[in-house]
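Chain letters run A, B, ... following the sequence lines, proteins first, then strands; residues in each count from 1.
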Protein chains: 2
Amino acid sequence: MAPDVPALATRSATPLNRAAVVSAAVALADREGLAAVSMRHLAGELGVVPMALYKHVADKDDLVAAMVDLVVAGYAAPPPGLEWREGVRQRVLGARDALLEHPWLRQAIEAATQRTPSVLGHMDAVAGEFAAGGLSYDLVHHSMHALGHRIWGFSPEAFSSPPASGAPPAPAPPAEEQAAMMAAMAQRFPHISAIAVDTATRHPLGACDEQFEFEFTLDLLLEAFARLHSAGWSSR
Amino acid sequence: MAPDVPALATRSATPLNRAAVVSAAVALADREGLAAVSMRHLAGELGVVPMALYKHVADKDDLVAAMVDLVVAGYAAPPPGLEWREGVRQRVLGARDALLEHPWLRQAIEAATQRTPSVLGHMDAVAGEFAAGGLSYDLVHHSMHALGHRIWGFSPEAFSSPPASGAPPAPAPPAEEQAAMMAAMAQRFPHISAIAVDTATRHPLGACDEQFEFEFTLDLLLEAFARLHSAGWSSR
DNA sequence: ACGATAGGCGTACGCTGTACACCATGTCAA
DNA sequence: TTGACATGGTGTACAGCGTACGCCTATCGT
C-alpha cells in the first residue's frame with residue numbers, strides 16, 4: 001500500500017499560513033454558511049488537525065475578525081474628487097456589493113468584538129467622504145451614527161424574514177388553512193396586513209425590492225444630512 | 001436525616017409551567033446575561049433537570065423567542081389620539097426603555113428567527129401610529145424599513161464598542177504607549193480621530209450621549225418622512 | 001553539528017443542545 | 001373501584017463545540 005497523502009482532504013505540501021487559513025474560512029463560509037465554519041470543519045477542509053489552526057489564529061473570534069477584515073479590505077474605492085454625497089453613496093454601495101457576495105458577512109460583522117484595521121479603514125474612508133464635502137466633524141459623527149450598519153451595506157430590517165435556512169419550517173400548510181391564517185392576521189394586525197396588500201399590488205411578483213428599499217433609506221438620510229449641513233447644524 | 005427538598009435550588013411545590021420557565025429565563029438573563037441562559041443553567045436555577053424544560057418549550061430558539069415576546073408584551077402604549085409623529089416617537093422610546101432594563105434584549109432580537117405575537121403586535125402598533133396620521137401604507141412600509149431596528153429602541157451602531165464584557169482585554173497599557181497609539185491612529189485614521197477629538201471637546205466627561213444620538217436620528221428620519229408625506233411621495 | 005523555532009498531532013476537558021426511554025402522579029371513563 | 005391516559009420530572013447518552021496542554025519532527029541560523 002501507498003502511505004502517502006491523506007485520502008480526501010486537500011493537503012498542500014507547503015505549510016499553512018494565516019492568510020491561507022483565513023481565505024479558506026471565507027471560502028467555506030461562502031459555500032456552507034458561517035455556522036459551518038467551526039475549527040474542526042475548517043481544519044478538515046485543510047487536511048489538518050483542528051489544533052493546528054491555533055498556530056495561525058489566536059482563537060475563533062480572531063478568525064472571524066480576520067475573515068471580516070479580509071473581505072472589507074477588498075471593498076471597491078471610488079475615484080477621488082467626487083461630490084460628497086456621491087462618494088458616500090458609492091462606498092456604501094460598494095460595501096453592499098461585497099455583502100451580496102458573502103452573505104455571512106452581516107452576521108460576522110454583527111457578532112464582531114474587534115475593530116480590525118480594514119474595518120477602521122472603511123469607517124475612516126466614509127468619514128473622509130463626508131469631510132471632503134466640508135461637513136463639520138460634529139455633523140459627520142452624527143450622520144455616521146444615523147447610517148449605522150448601513151455603512152456595511154445592510155439595514156437592520158424590522159420586517160424581512162430571516163434568511164430561510166434550508167427547508168421551510170412548516171411543510172406548506174393547505175391553502176384552506178393558509179387563507180384562514182391570513183384572515184386572522186388581517187384582523188389581529190390590520191396595519192401590517194394592509195402594508196402587505198399594498199406591497200403585493202405594487203410588486204405582484206414577489207417580496208419587496210430590497211435594493212430599492214436600501215437606496216430609498218440611504219438617499220433619504222443623505223438628503224437630511226445635506227439639509228442640516230446647509231442650515232449650519234451643530235449638536236449644541 | 002431529612003430527605004426532603006433539594007439543598008440549594010429553589011424548587012416550588014407546584015409544577016412548572018411555560019410562563020414560569022420563561023420569566024425565570026428573563027430574570028436569569030437580566031442578572032447574568034443572555035450567554036448564561038443555557039438549558040442546564042436555567043434548569044438548575046429552577047431546581048429541575050435540564051430535560052424537564054423541554055416539556056414547556058420546544059427548544060432553545062423557542063425559549064429565546066418567548067423571552068423576547070414577554071418583554072415586548074410589556075411595552076408601554078401611549079394614549080390614543082396623539083399626533084402621528086408623537087405616537088411613533090413614544091412607542092419607539094417605550095421600546096428603548098424596555099431595552100435599557102433588559103440589556104440582553106437587543107442580542108435576542110437580532111438572533112430571533114421567529115416573529116411572535118407581541119413582536120408582530122408592536123410592529124403593527126407602530127405602523128398604526130403612522131397610518132393614523134394619514135400616511136399611505138406605501139409610505140408607512142418604507143418608513144418602517146428606514147427605521148429598521150430602531151423600532152426596537154436601538155440603532156445599529158457602527159461606532160459604539162461592543163458592551164465591554166467584564167474585564168478589559170488589555171490590562172491598561174502604560175500612558176506612554178497609549179500616547180504613541182493615539183498618534184499612530186491619528187495618522188492612519190485622521191477622520192475618525194478628528195471625530196473623537198471633536199466629540200471630546202463637546203462632551204468632556206465621557207463618550208457620546210447615546211440617548212441624544214438615538215433621538216437625533218429618530219427625529220431626523222421622522223422629519224424626512226413628514227416631508228415625503230406632504231409631497232405626496234409614492235414608490236412608483 | 002547543534003540548539004532553537006515553527007508547525008502539525010493527539011489527547012482530554014468542560015460545555016452546549018437535545019433525542020429517547022422510563023417512571024410517578026393526577027384525572028376521568030367504564 | 002379500576003384501568004387508561006395525559007402531564008411532567010428523571011436519567012442516560014450522543015454528537016458537536018472551543019481550546020488547554022504536551023509531544024514530535026522538520027527546518028534553519030549560527
Side-chain angles (χ1 to χ4, degrees), chain A residues 3-22 24-25 28-29 32-67 104 107-108 111-114 165-166 169, chain B residues 3-22 24-25 28-29 32-67 104 107-108 111-114 165-166 169:
Chain A
D4 47 0
V5 292
L8 296 167
T10 61
R11 177 80 165 89
S12 94
T14 64
L16 249 38
N17 55 49
R18 183 176 168 99
V21 169
V22 174
L28 178 56
E32 305 184 36
L34 191 59
V37 182
S38 73
M39 301 303 271
R40 283 174 162 86
H41 193 161
L42 177 58
E45 198 93 354
L46 290 164
V48 132
V49 92
M51 286 310 292
L53 301 180
Y54 285 86
K55 290 288 159 74
H56 306 284
V57 297
D59 53 22
K60 179 101 192 265
D61 255 27
D62 185 36
L63 174 64
V64 175
M67 291 169 65
W104 50 268
Q107 193 183 339
T113 116
Q114 331 173 6
S165 57
Chain B
D4 47 0
V5 293
L8 295 168
T10 60
R11 176 82 165 89
S12 92
T14 64
L16 249 37
N17 56 48
R18 184 177 168 98
V21 169
V22 174
L28 178 56
E32 305 183 36
L34 191 59
V37 182
S38 73
M39 301 305 271
R40 283 172 165 86
H41 193 161
L42 177 59
E45 198 94 353
L46 289 164
V48 130
V49 91
M51 286 311 293
L53 301 180
Y54 286 87
K55 291 288 158 73
H56 305 283
V57 297
D59 53 22
K60 179 99 192 267
D61 255 27
D62 185 36
L63 174 64
V64 176
M67 291 169 67
W104 50 270
Q107 192 182 340
T113 115
Q114 332 173 6
S165 56

key: Short side-chain N/O contact from B:His56 to OP1 or OP2 of D:dG9, under 4.0 Å   = yes
query = Tell me: CG of B:Leu53 to P of C:dT16, nearest whole Å?
reply = 13 Å
A:Asp59 side chain near A:Asp62 side chain, heavy-atom distance below 4.5 Å = yes
key: Separation of C:dT16 P from B:Tyr54 OH (nearest whole Å)   = 11 Å
message = Reading DNA chain C from 5' onward, which residue's closest nucleotide shows up sooner: B:Met39 or A:Val49?
response = A:Val49
query = Given atom CG of A:Leu42 and atom P of C:dG8, what is their separation to the nearest angstrom?
reply = 12 Å
query = Does any donor-acceptor pair link the side chain of B:Arg40 with the base of C:dG17 at a separation under 3.5 Å?
reply = yes
query = Where is the tightest heavy-atom contact between B:Val48 and B:Ala52, given as atom of each residue plus distance?
reply = CG1-CB, 3.3 Å
note = So CZ of B:Arg18 and CG of B:Leu63: to nearest 0.5 Å the spacing works out to 8.0 Å
ask   = Is the shortest heavy-atom distance from the side chain of A:Leu16 to the side chain of A:Lys55 under 4.5 Å?
value = no
Protein-nucleotide distance (B:Leu16, atom CG; C:dT25, atom C1'), rounded to Å = 16 Å
inquiry  = Output the rounded distance in Å from CG (B:Asp62) to P (C:dG17).
reply    = 14 Å
note = From CE of A:Met51 across to P of C:dG7 the rounded distance in Å is 15 Å
ask   = In whole angstrom, what separates A:Asp59's CG from C:dC15's P?
value = 19 Å
request  = Look at all strands and tell whether A:Lys55 reaches a base, only sugar-phosphate, or nothing, counting heavy atoms closer than 4.0 Å.
outcome  = base
message = Just the rounded figure in Å: distance from P of C:dG14 to NE2 of B:His41.
response = 18 Å
